[in-house]
**Q** 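Before I ask anything, here is the structure I am working with.
Each chain gets a letter, A, B and so on, in the order its sequence line appears, and its residues count up from 1.
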Amino acid sequence: MTPDRRAEVDAAFERLFASYRQPILHYLQRLLGDWAGAEEVGQDVFVRAYRALPALPADANERAWLYRIATNAAYDQLRRRRLIQWLPLLERTRSAAAPDDPEATVMEHTAVQSALDRIPAKYRAPLVLYSVQGYSVQEISTMIGISEGAVKTRLYRAREMFRAYYEEGN
Amino acid sequence: MRCQWVRQQLAVYRDLTDSEREALDEHVAQCPVCLALWERFQAQDRALAALPQRDPRPQWVAGVLARTSRRGGRSVAVGRPLVRALAMSLVALSVLMAGTLGASAQALPGGPLYGVKRTVEQVRLTLTLDETQRGAYQEQLVETRREEVRQVVAQGKSVAVAFQGTLEGVGESSLVVNGIEVAVAPETARAGAALVGQVVAVQGQVSQGRVAATAVLVRPTAAPSEPPVLGTTRSPDPTPRPRATELKPEPSPTATAAWAAITVTPAVAIVAPTTVAATPTILPERETLAWAAAATRTRLFEERETRRAETATAWPDLRATLRATLAPTPLPTPTELPPTRTPRAERPTRTHTPQPPTRTASATPASGLPTRVATFMATRWPSLAPTHETPVLITRMATFVATRAPTVAPPTRLPAITPPTRTPVPIATPWPTPQPKPTRTPAGSVDSAPSTPVPTQGTPSTTKPTDGTAPTPQGTKAPAASTNAG
């Protein structure tokens, strides 16, 4: 790779990193359930993106491509961890919530995160992308790599499970 | 509109088209179940959107930038746990190997790491391509072998050793090789003429603080016009190997006295050195082992010759005795046998009747059939005794039987064979025994030469060839490794 090309890639990566590091970290946090794991996987995600950036077409959807990398990395991490669905509520650390929130809000956030953690990863990812990140069905289908109909089906099932786990936790 | 379809569409209400939203709104207004579900979905969205979000730590940002772009730009494989574990394993293995190699450098024969040490030396020797460095390393290895023997002797271990060095002294039943005393027994295999200052290869066993040699080989040194080339495994020998009759000791007094004082083991190939080289050639180890094998073959050959001589005088000529006891007996005359078959129980026991030793040019009767077949037919069917008028069919049948059971020629009296005269092989004589005990001197010194004259030993036995050429001494073959090229 020529020095000029290397400089272009570096500039594109720095721009990509600045735009998506926070949403990617939040997405990973919702998928993995803890902030430390999200930072560890997030670092691998951006390093993978940096190595694959020279081969990315100019008209490609960078956001969907980056979320695709993050989703696969999160799945790999969950597969290595072999997380069990029935995580106890108290396992949620205080770091998941802002330190200055009221106690009720903290409890609410803990319950929501606990219910979210109990949902299987393949249903959790579209729910987080749709409800937390605010992406559309079409974007989610590109990010995860499934059809729009499959996204809708998984979203419905994820919502049903979230409702059941949330009511069970409360 | 079915409620199941409505519920699935409510899950992605935000992405529906306007017409789809209107249809769902109409149904939700009429269906309380779908309305409750729609409200729950909205609450979920609000709860999930309200989850707190944290900004990435500056350290994390710096870490990512350090591993990417121009500020880092390295492979991130080491960041993964699996690859990290693999890298740690490789580091641990490298440390272990380095420790093993370092510990093997001090290993002694019989130790657990001695094999590793020898392997490392061989690899290093093989990888040394420069001839000068190779020769220097071979010298170092030879000295290492001697040092190992000294240490093993000092520690009182019991192991097999093999080393080579310069012969510094010859005792009554021992040799001194580079300061190492080697005990020599009568059963020790020896090859070559022992001269102080020559290179000898010793193979033996260390026990009770002493080295007992099982094989000692002396290599003749090169002439001064052809100085030994260090580093070469086989030095070329442009001059033909001298024969025993052509050997003449040099007029040098030291060499003459040393040569005259040597008691050469009979039946051993003799290659008399013309002079004693100042710097004997270092022998590679594989040549040492080849010489050890040659010495063993020499010893076995001598033992066999000794046994053969003893056997020849002890055992009589059994063959002649057997022949003398065999007496020629005439052929039995054919008799009429009863037509009926005798029961087996009443049959007489068979006895072997030796055939007459006479041998005629044609042992067949007038019918042309072999004698054995004719006899058989005459005894069994006398009425069908074959004659020259026998029908052709019977003749063919007899011939077929004859081919199946060919006639065995009767033994004949062989001419007497005179066994060759054998000269008894004398027992191997010990090596020269200088009276004064040699003092330890630096290598190459001849201070340990005997001061008193020792009686000269008999000439080696020779076999007289029949082609009229000069007789050659009996003995083993000279070490072939020293003459083969490459």
**Q** Do B:Trp60 and A:Phe17 have ring centroids that are under 6.0 Å from one another?
**A** yes
**Q** List the atom of A:Gln22, the atom of B:Arg54, and the distance in Å for their closest heavy-atom pair.
**A** NE2-O, 3.9 Å
**Q** Tell me whether B:Gln106 at atom CD has more than 12 heavy atoms from other residues, nucleotides or ligands lying less than 6.0 Å away.
**A** no
**Q** Which heavy atom in B:Leu51 sits nearest to a heavy atom in A:His109, and how many Å separate them?
**A** CD2-O, 3.9 Å
**Q** Measuring heavy-atom distances to chain B, does A:Tyr27 have an atom under 4.5 Å in its side chain, in its backbone, in both, or in neither?
**A** neither
**Q** So, taking the atom named CZ in A:Arg21 and the one named CG in B:Asp55, what distance separates them when rounded to the nearest 0.5 Å?
**A** 8.5 Å
**Q** Please output the residues of residues 147-154 of chain A in contact with chain B, using a heavy-atom cutoff of under 4.5 Å, in numerical order.
**A** A:Lys152
**Q** Can you say whether B:Arg40 sits under 4.5 Å from chain A via the side chain, the backbone, both, or neither, judging by heavy atoms?
**A** side chain
**Q** Partners of A:Arg68 by salt bridge (Lys or Arg N to Asp or Glu O under 4.0 Å), sequence neighbours excluded?
**A** none
**Q** What residue in A:Ala49, A:Gly134, A:Ala158 has the most heavy-atom pairs under 4.5 Å with chain B?
**A** A:Gly134
**Q** Compute both the distance and the angle, then confirm whether B:Arg14 meets the cation-pi test with A:Tyr130: under 6.0 Å from the six-membered ring centre, within 45 degrees of the axis.
**A** yes
**Q** Look only at the side chain of B:Gln44 and the backbone of A:Arg159, and say whether a donor-acceptor pair between them is shorter than 3.5 Å.
**A** yes
**Q** Check B:Pro52 against A:Gln29 and note the closest heavy-atom contact, atom names and distance.
**A** O-OE1, 4.4 Å
**Q** Please classify the contact between B:Arg46 and chain A as side chain, backbone, both or neither, with a heavy-atom cut-off of under 4.5 Å.
**A** neither
**Q** Any chance you could measure A:Phe13, atom CZ, to B:Thr68, atom OG1, to the nearest 0.5 Å?
**A** 3.5 Å
**Q** Could you tell me which residues satisfy salt bridge (Lys or Arg N to Asp or Glu O under 4.0 Å) with B:Glu20, sequence neighbours excluded, listed by chain and number?
**A** none
**Q** Quick check: do B:Leu48 and A:Val112 have side-chain heavy atoms less than 4.5 Å from each other?
**A** yes
**Q** In Å, rounded to the nearest 0.5 Å, how long is the span from CD1 of A:Ile140 to CG of B:Asp15?
**A** 7.5 Å
**Q** Nearest 0.5 Å please: distance from the OH atom of A:Tyr156 over to the CZ atom of B:Phe41.
**A** 6.0 Å
**Q** Using the side chain to side chain contact (heavy atoms under 4.5 Å, CB included) rule, take B:Val64 and A:Glu39 through it: C-alpha gap first, then chi angles, then the decisive distance, then the call.
**A** CA-CA 10 Å; B:Val64 172; A:Glu39 283 188 339; over 6 Å; no
**Q** Sort A:Leu116 into side chain, backbone, both or neither according to what part of it lies under 4.5 angstrom from a heavy atom of chain B.
**A** side chain
**Q** Rounded to the nearest 0.5 Å, what's the gap from CG on A:Leu155 to CG on B:Leu10? Could you check?
**A** 12.5 Å
**Q** Counting heavy-atom pairs closer than 4.5 Å to chain A, which one of B:Ala11, B:Ala47, B:Gly63, B:Ala49 comes out on top?
**A** B:Ala11
**Q** Under the side-chain contact (heavy atoms from CB on, under 4.5 Å) rule, collect the residues that match up with B:Gln140, sequence neighbours excluded.
**A** B:Tyr137, B:Thr144
